[in-house]
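Notes to accompany the following structure.
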2 protein chains.
Amino acid sequence: MSTRDTGTEQLIKDTAKHLFFAEGKLHATTQEIADAAGVNRTLVNYYFRSRDILFDQVFTEAQEGFVCTLDEVFESKMPFKEKIRNLISVFIKETAQYPFRQLFIITEMNRNVDIHGKKSRHKKVKLFMEEVEDEMNKGTLKKMDPRQFMLNLFSLMAHPFLTAPLHKVLFGMNDEEYATLMEDRKQLIYETIFP
Amino acid sequence: MSTRDTGTEQLIKDTAKHLFFAEGKLHATTQEIADAAGVNRTLVNYYFRSRDILFDQVFTEAQEGFVCTLDEVFESKMPFKEKIRNLISVFIKETAQYPFRQLFIITEMNRNVDIHGKKSRHKKVKLFMEEVEDEMNKGTLKKMDPRQFMLNLFSLMAHPFLTAPLHKVLFGMNDEEYATLMEDRKQLIYETIFP
DNA sequence: CTTTTGTTTAACAAATTTGTCAAACTAAAA
DNA sequence: TTTTAGTTTGACAAATTTGTTAAACAAAAG
């Protein structure tokens, strides 16, 4: 079937992505998605057949997009420290845009590990962890289980975004102030990682 | 209305708590909750009138319980370093039992910040942050925005539990191995915080 | 033993959400 | 302009989830 491309299909997908990942409405109904997109609800079925298919499509594209972005950083041939600085920058930028994306991916993985865990990234992870170990031997990094290093790094980057609403209240900050705090974190994380 | 206490009400609440916080099934239906508890679905309505009320009750109790546990640690009059060691221990123990609790609290807060953000904990947070600043002045802690210190601390403790399914796959670990990794983190976080 | 009262159950009703279909619409092709 | 084919819409049907009710049941009180 050829297409006239009114942009509606993409609009629905983008709107769903925004609801899911930017607003955290992981269980938005087709009606809510359609309303947010300003289109008739039936169009969700017309373009995606079912809510589940739309769901899976948005999820898969988001996951793959995110993973690709990170892979580029990991596979780049820059010096380790620069790579990490780059990773922090990219990761925080992406996460600021879609704070709930990782949470969504995790929730989804948890719901069905079998499906999403299959084509695992063992090799790439292992490769990076070897790089980490090299740096530890060189003395650039504090010696520890490289898996702990990975956990530290990603925790420091990701978690403040997941808990943003909580911390805005606790610290009495508005959105803008919190964004500044997150911007400042780039340098801070770098310094925490490389003492 | 007096009660004969067959333990059913508590059973339903406990089961819901387990589904929500231990298994991450944040949107379990009344049927799923009843099945998991091994009781008739109608009993959910009998004891709690509606799903929402059960939901709110479990949520509130869980939140308050967790906050109380943390408050005890924060308000204890031990030396700072010991307090932190204690916090790490308690926090990780609680989180290991109910990995999804915080995520649940955050999601819920995000859905309705007005309700849950009201009776804020400004004072207690401020008090602890002053304590943190003292330690920075004494040189025990690396100098930084105390809010960043808080973010670091809680990120390092909480996030590896939220992302457990993901990391088990990435690292190729089973539940037991991951639990050991989490146990080892206690000391590691302590060392990361106090370099 | 009978009554009382709280508990449990199944059947039913209501509400919500999702999916289907035919008709109306619109822009490009003939 | 008419035709064609993709798009949009509203009405309807199906599926899922939730809430209610009356009757069955069980344990304590009389």
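Here is the naming used below: chain letters follow the sequence lines, and residue numbers restart at 1 for every chain.
- B:F59 has its ring centre less than 6.0 Å from the ring centre of B:F104.
- Following rounding to the nearest Å, A:L43 (CG) and C:dC21 (C1') show an atom-to-atom distance of 14 Å.
- Dashed line: the shortest gap from a side-chain N or O of A:Y47 to OP1 or OP2 of D:dT8 is under 4.0 Å.
- Between A:F21 and A:Y98, the angle of the ring planes goes over 60°, which puts this pair in the perpendicular group of the 30/60° scheme.
- Within residues 30-42 of chain B, the residues that have a heavy atom under 4.0 Å from DNA chain C are, in order of number, B:N40, B:T42.
- In this structure, A:Y178 has its ring center no closer than 6.0 Å to that of A:F171.
- By the 4.5 Å heavy-atom criterion applied to side chains, B:T6 and B:L11 are not counted as neighbours.
- Rounding to whole angstrom units, CD1 of residue B:I12 and P of C:dT8 are separated by 8 Å.
- As a whole-Å value, the separation of B:E9 CD from C:dG6 C1' is 13 Å.
- Counting to the nearest Å, the P atom of D:dT18 and the CG atom of B:L54 are 11 Å from each other.
- Atom-to-atom, CG of A:D5 to P of D:dT8 comes out at 10 Å; the value is rounded to the nearest Å.
- Residues satisfying the side chain to side chain donor-acceptor pair (under 3.5 Å) test with A:E131, not counting sequence neighbours, are A:K83.
- Residue A:T8 places its side chain closer to D:dT8 than to any other of D:dT8, C:dT7, D:dT18.
- Atom OH in A:Y46 sits about 14 Å away from atom C1' in C:dA22, given to the nearest Å.
- Between A:E135 and A:K138, at least one side-chain nitrogen of the basic residue sits less than 4.0 Å from a carboxylate oxygen of the acidic one, meeting the salt-bridge criterion.
- Rounded to whole Å, atom C1' of C:dG19 lies 16 Å from atom CZ of A:F48.
- The side chain to side chain contact (heavy atoms under 4.5 Å, CB included) test with A:R185 is passed by exactly one of A:T180, A:I88, A:L156: A:L156.
- In this structure, B:R51 atom CZ and D:dT20 atom P are separated by 15 Å, rounded to whole Å.
- Closest to the side chain of A:T6, out of C:dT8, D:dT7, C:dT18, is D:dT7.
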